[in-house]
Amino acid sequence: MNRRPNTVENGLRPVPLDQELRRSDLSPLERNALRFTEPAESELFRWQQPPPPEVISRDFHFAAEPLVTGWNRALERPLAIEVTTLPLAAAVPRAIQIPIRSASIRVRSFAFPEPNEAPRTGLTATAVSPGQGQAAGGGARKLSVTRIRPPQDVIKLEDRLNYLLQPPLEALLSDRELAMPLEPFPFQFEGVAFLYPRHAAILADEMGLGKSMQAITAIRLLLCRGEIRSVLMVCPKPLVTNWQREFQLWAPEVPTLAIEGDQARRAWQWRLPDVPLRIANYEVVVRDREILEQGEDGRPVPFDLVVLDESQRIKNRGSTTSEVVRGLSRRRSWALTGTPVENSAEDLVGIFEFLAPGFLSPQMKPRKMGRTVSDYVLRRTKEQVLAELPPKMFRDAELELAPEQRETYRLAEEEGIVRLTEMGQAATIQHVFELVLRLKQICNFDTVTGASSKLERLEADLEEVAGSGRKAMVFSQWVGTIQRLSKALRRFGPVEYHGRIPSSRRDGVIRRFREDRSAHVILMSYGAGAVGLNLQFANYVFLFDRWWNPAVEDQAINRAHRIGASGPTTVTRFLALDTIEERIDHVLQEKRELFETIFSGAEGPGKLGLTHDELFGLFALPGRAKRAA
Amino acid sequence: MESGNSISRPAIGFLTVLDHPQHGLFGGYLVLNFTGRPLEFHCTAPIKPNRAQQILYGPTLEPFLYGEQIGSTLLGHAKASPLVICTDREPVLSLRDLVDLPVALVLPPGDPPESDGTPPEAHPAVPLLAPDESQPGDACHAPAPCTHDRPDLPGMLRIDAPHGRSPRLITFELGRNRLALSPRRGDDRQALSERLGAAAAALDLWEPFTRIREAIEEAQQAAR
């Protein structure tokens, strides 16, 4: 029996059963496997299926007998059971506590005094009710929300919040009791919101933007709120009636009292109790200094608010007016001016001596001064806030003097210079001024022949003005010039407004100019006509001669170019070529740049206005020792 | 209270919460009389929810913080008892469960009612108000469906709205204002009308929140 090696187990090649094979054909491994099954001498063999195994059965019978051991009884006994308790090894879950603490919340609380105002309803409406008329010429129908913000010098948080939490200005003024005759412009609301919380403030808007209305509205709100009870408005004399009219228009419920009459009457007026608003001119305040300082019981007459209109009147700190005004007993001080700086930065220092004594010093550089006063001064120009205001167009009329004028001028200048030169160190600013004024007058009219190239040009222009049915304003610094012009321009229906026209007649002059269609021109002096008048119905302004500083000229121009102007304002500045006027014009330009430096932060010139040396420099004279001006 | 005050006239409370990205939540509560003048102002120091609160409160965190924590605390410091409380933050409406006063959400003026952009039919109409409770002019709107049940788990009720959304608010107009109420407080509409009275026609209930925000910023600057 030969058995085929298990090819799978032994790794041999597969060989079919019953196939005759030669030993020599086998691999060494297969031959080795065959060695155990086949004789070594046999060459041929075949793998065969092994036969089934042979089975042999045998029956065994073994006798088994039980062995008596006596253990049976023990088998009958119950089994003793022992119980053993084994602890389960299951893990106890760990609990993590996450506390949800409600931390105590810190709260700051503020209570405000309940306003002392009549019960009203619905005041929180923010919109100015539509339908109110906008100031003529304006178009600001857009509703605005103006918030009253605390000034920087309000330190206490409670006080600051009291301002911040007030309703918007528009909401306050939408109340029926505070209804406004015209809808203010948004920038005017801003101006009111600026003044309202301030104890010291300058509203320095360019002329024509409604400083009066803004001040009156702020005063009205403070009176209504009960925060002030006694106000003194100080203004130039010609403007007292103007302020009365403005108060009547914008705050008709506020009783006003103009301080006027003889001294006894004025003393009585000053001492009247419960007068919310007094209007007095600067001269009256100076004249009644003693009454104001002593009062009735030896104490100064107290005011909650003193407002200075055209506050440049106190720019000179050494003046009596400044001294008296600064001595007024008051809690709040406001100044209104379109020209806080007329000649030099010291003008502003003078005004601040009234607002906040010591706050500014003359030594401050203009730019630093501008930063220092930024929270106290609000200054807007028409270009900034009145996109819809008609334009203001300048055209400089540079004129050659008439031949006879030129000759007179040449002689006067040469003579004047010779005289000043001869005076040497004895020459003062007054001497220079005299010469300047004389030469300027010759530039207007030849003192010998009366010839005037300016008049010729003015007449030509006024023909056009009158022909188009419009009105013009002509400014000069001399009443004499105005009167000569009045005669020469009679066919244009001129009216005069200057220092020689009594105050009682001035309103009538303005009324005639406004209402009389044949009155095409008003002839005004800079001193009387430059401030406080609303002449926006005039479209033409002629500066027949030039004033000493540009601010006064601007004021004059802005009598016409202001809110309500019906069309462009054309400004003609007469300038006699190659004369003192041309030289002064350069100085005026420098003053404009100074103003820009303080109120816009722009770089400006180092020189400040018309200095002592510059005055002498007008005639190419060397500087002299300073004398009293 | 830094100074005393006696409240003798009807007042309205305005409560808002500012979410400052760095400092956290500032609460502000302003009490005005009917002329719009401030009587009291209260503001909180900033608070920030911790991580555990954020996880465990889930979508109920804002109502908890705005209403229970900040709102309740601020009202607790006020002396004045306003007739109504207005807010411009929806989570503050949860304060209504803690006070016996109408709490109304003032909606921005001029904006159309909120919408999540989903067609109406996508939200199964499950009105929170029974039909007989609704009033003419009411609008039940919200950026979320108002179903509280889980369709995947029948019989199970969610305590929060799905996906953190709010249930529908009841919106309506009162005078010149658009207001919204918590859906469970529809009755407050009547109370609001009665308490604000005729003044409601002219009151601008949206504007005072601007004041509160500015006052909070001012107080915050002062604290630095």
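Just so we're clear, the structure is a prediction, and the values are computed from it rather than from any experiment.
- Proximity to chain B is limited to the side chain of A:Arg160, based on heavy atoms less than 4.5 angstrom apart.
- Within the 4.5 angstrom heavy-atom criterion, only side-chain atoms of B:Phe64, from C-beta onward, approach chain A.
- A side-chain hydrogen bond (donor to acceptor under 3.5 Å, both in side chains) with A:Asp205 is found for one member of A:Gln188, A:Lys211, A:Gln214 and no other, namely A:Gln214.
- If you measure heavy-atom distances from A:Leu161 to chain B, the contacts under 4.5 Å come from the side chain alone.
- For B:Ala222, the part lying near chain A is the side chain, with the backbone staying farther off; criterion is any non-hydrogen pair under 4.5 Å.
- Crowding of A:Arg331 atom CZ: a count of heavy atoms from other residues, nucleotides or ligands under 6.0 Å exceeding 12.
- The contact between A:Leu157 and chain B is made entirely by side chain atoms (from C-beta outward), counting heavy-atom distances below 4.5 Å.
- Neither the backbone nor the side chain of B:Leu65 comes within contact range of chain A; no heavy atom of the residue lies under 4.5 Å from a heavy atom of that chain.
- Of all non-hydrogen atoms in A:Leu165 and B:Arg211, the two that sit nearest each other are O-NH1, 2.6 Å.
- Counting only N and O atoms by type, the side chains of A:Arg330 and A:Ser333 include a donor and acceptor under 3.5 Å apart.
- Residue B:His77 comes nearest to B:Thr73 through the heavy atom pair ND1-O, 3.0 Å, listed as atom of the first residue, atom of the second, then distance.
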